[in-house]
There are 2 protein chains.
Amino acid sequence: MRDTGMGAGLGGESLLFLTDEQLRQGIEAMFFAYRGFTADPDRILTDLEYGRAHHRAVHFINRAPGTTVNNLLNILGVTKQSLNRVLRTLIADGLVESRIGHSDKRERHLYLTDEGRALEQKLSDAQRARMRTAFREAGPDAVGGFRRVLEAMMDPEMRRAYARLKEQGA
Amino acid sequence: MRDTGMGAGLGGESLLFLTDEQLRQGIEAMFFAYRGFTADPDRILTDLEYGRAHHRAVHFINRAPGTTVNNLLNILGVTKQSLNRVLRTLIADGLVESRIGHSDKRERHLYLTDEGRALEQKLSDAQRARMRTAFREAGPDAVGGFRRVLEAMMDPEMRRAYARLKEQGA
DNA sequence: AGCTTACGTCAGTGTTGTTGACATTCCAAT
DNA sequence: ATTGGAATGTCAACAACACTGACGTAAGCT
């Protein structure tokens with residue numbers, strides 16, 4: 001087994017949790033857990049001819065109603081063309097409403113329709129159910145650690161977006 | 001704000017960490033963190049004309065040298081056609097070697113070549129670096145919680161695969 | 001001999017992402 | 001008032017990565 005060479009001679013703190021093997025287990029845990037994380041919504045979506053991209057759009061529009069396309073673009077980290085394709089179908093299907101901005105008429109503000117909210121509800125119910133089970137199994141302390149590690153893993157820009165959404169939801 | 005209706009009257013334990021808002025923050029944390037998780041390898045891969053699928057294959061072949069195609073299929077959770085496309089390019093490019101099984105000649109055992117190991121090293125160095133920073137920022141207790149929640153989030157089948165890899169690496 | 005398993009491949013399709021190019025609309029500055 | 005830039009939208013082409021379905025080959029099992 002290889003080692004980073006940083007595990008020895010660092011005083012009382014063993015830092016055993018930073019060995020390459022521990023890090024690799026963390027990487028694999030992320031990989032397998034993300035599969036579970038998306039599995040339930042994915043099943044619902046394939047029945048509805050939608051994909052994960054539609055879920056993400058619906059999720060964040062619900063989370064921040066009236067958000068602009070540009071704002072959504074930054075949160076989702078995709079190109080406007082990619083997002084536009086998804087939004088177009090959602091608007092055409094009557095799940096999302098796009099209203100021209102009042103102060104800046106170039107901007108489009110996005111809202112879920114009743115039907116859109118119904119889908120969001122259905123998807124997030126499924127996803128929250130899994131998250132709830134996992135949180136309950138692991139316990140409150142583990143949940144705190146989970147959140148701290150994930151936050152530290154984000155790119156700074158995403159960490160800011162995440163913090164903004166957190167404030168908004170509280 | 002909606003509520004699950006499970007937050008009240010449960011005695012001393014408040015279960016505040018299981019509110020819909022907390023769960024939604026967990027969901028968003030997973031989304032943003034996974035982006036960071038894959039960002040560094042993705043950057044390396046695009047330069048090399050490879051994708052995330054190649055990374056996953058190389059990772060697990062390195063992790064379990066001599067693994068069969070079928071075993072890899074189960075771990076990655078994709079179709080054989082999808083995996084085969086990736087394996088074909090990796091073998092053609094001399095990163096992976098496919099050896100016919102000794103006892104069962106139908107099976108192909110997969111190994112990384114020196115060149116394959118070099119790529120795996122490069123990719124996992126980048127990914128481990130981010131994981132290491134995140135782990136160090138969050139601290140050992142948080143890392144334990146992180147791992148417990150992720151494990152609880154996996155599908156049972158993936159939890160078994162994860163456990164098998166853990167034993168193997170120890 | 002017949003069935004199953006493991007693997008590979010061909011063909012077609014769908015989702016999601018990417019560039020690049022171009023039009024429109026609007027705000028803001030000269 | 002015109003010019004420049006930002007925000008949005010659209011079209012086209014393309015690539016990665018997943019899927020299904022069908023077919024073939026070789027090997028193993030009963």
Side-chain angles (χ1 to χ4, degrees), chain A residues 31 34-35 38-39 41-61 66-93 96-110 123, chain B residues 31 34-35 38-39 41-61 66-93 96-111:
Chain A
F31 172 69
Y34 199 78
R35 287 254 295 282
T38 56
D42 280 356
R43 265 189 291 273
I44 296 170
L45 287 159
T46 47
D47 294 346
L48 299 174
E49 309 261 283
Y50 287 133
R52 220 175 269 181
H54 300 86
H55 181 193
R56 291 197 283 260
V58 163
H59 174 96
F60 285 109
I61 293 172
T67 186
T68 63
V69 172
N70 227 7
N71 183 30
L72 201 50
L73 234 44
N74 291 328
I75 287 176
L76 295 176
V78 298
T79 59
K80 60 177 179 173
Q81 294 92 329
S82 204
L83 175 58
N84 190 256
R85 194 186 326 120
V86 169
L87 282 180
R88 212 182 323 165
T89 68
L90 289 173
I91 291 168
D93 294 352
V96 168
E97 197 190 343
S98 169
R99 296 186 207 152
I100 294 176
H102 42 296
S103 62
D104 186 338
K105 291 174 190 165
R106 290 168 303 179
E107 294 180 343
R108 302 300 138 96
H109 298 276
L110 303 168
L123 292 170
Chain B
F31 172 69
Y34 198 77
R35 287 254 295 282
T38 56
D42 280 356
R43 265 189 291 273
I44 296 170
L45 287 159
T46 48
D47 294 345
L48 299 175
E49 309 261 285
Y50 287 134
R52 218 175 270 181
H54 299 86
H55 181 191
R56 292 196 282 260
V58 164
H59 173 96
F60 286 109
I61 293 172
T67 185
T68 63
V69 173
N70 231 359
N71 183 29
L72 200 50
L73 235 43
N74 290 329
I75 287 176
L76 296 176
V78 297
T79 59
K80 62 173 181 174
Q81 293 94 328
S82 207
L83 175 59
N84 189 255
R85 193 188 333 118
V86 169
L87 280 181
R88 213 183 323 171
T89 68
L90 289 173
I91 291 168
D93 294 352
V96 167
E97 198 189 343
S98 169
R99 295 187 208 152
I100 294 177
H102 41 296
S103 63
D104 186 336
K105 290 176 190 167
R106 291 171 306 176
E107 295 179 342
R108 302 299 138 92
H109 297 275
L110 303 169
Y111 300 87

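Here is how names work: the chains are called A, B, and so on, in the same order as the sequence lines, proteins then strands, and each is numbered from 1. Being a predicted model, the structure only gives us computed values, none of them experimental.
- Residues meeting the side chain to side chain contact (heavy atoms under 4.5 Å, CB included) test with B:V86, sequence neighbours left out: B:A53, B:H54, B:A57, B:L90.
- How far CG of B:D42 is from CZ of B:R52: 4.0 Å, rounded to the nearest 0.5 Å.
- Applying the salt bridge (Lys or Arg N to Asp or Glu O under 4.0 Å) definition to pairs two or more places apart or across chains, none involves residues 84-93 of chain B.
- For the OP1/OP2 pair of C:dC7 and a distance below 4.0 Å, the side-chain nitrogens and oxygens of B:N70 include at least one atom meeting the criterion.
- A:Y34 is linked by a ring-ring contact (aromatic ring centres under 6.0 Å, His included) to A:F37, B:Y34, counting only residues two or more places apart in sequence or in another chain.
- For the side-chain hydrogen bond (donor to acceptor under 3.5 Å, both in side chains) test, no residue two or more places apart in sequence or in another chain qualifies with A:H55.
- In terms of the side-chain hydrogen bond (donor to acceptor under 3.5 Å, both in side chains) criterion, residue partners of B:R106 (sequence neighbours excluded) are, by chain and number, B:D104.
- Here chain A contacts DNA chain D (any atom closer than 4.0 Å to a heavy atom, that is under 4.0 Å), and the contacts span D:dG5 to D:dC11 from 5' to 3'.
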Scoring nucleotides 15-22 of chain C by protein non-hydrogen atoms under 4.0 Å (B base, S sugar-phosphate only, - none) yields SBBBBBB-
B/S/- along nucleotides 25-30 of chain C (protein heavy atoms under 4.0 Å) is BBS---
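- Not counting sequence neighbours, the partners of A:H109 by the ring-ring contact (aromatic ring centres under 6.0 Å, His included) test are A:H102.
- For A:E97, the side-chain hydrogen bond (donor to acceptor under 3.5 Å, both in side chains) test picks out A:R99, with sequence neighbours left out.
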Could you go through residues 66-76 of chain B and list every donor-acceptor pair under 3.5 Å that involves a side-chain atom there, pairing it with any protein atom two or more places apart or in another chain?
unit_1, atom_1, unit_2, atom_2, d
B:T67, OG1, B:N71, ND2, 2.6
B:T68, OG1, B:N71, N, 3.2
B:N74, ND2, B:N70, O, 3.4

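- Partners of B:I44 by side chain to side chain contact (heavy atoms under 4.5 Å, CB included), not counting sequence neighbours, listed by chain and number: B:L48, B:K122, B:L123, B:A126.
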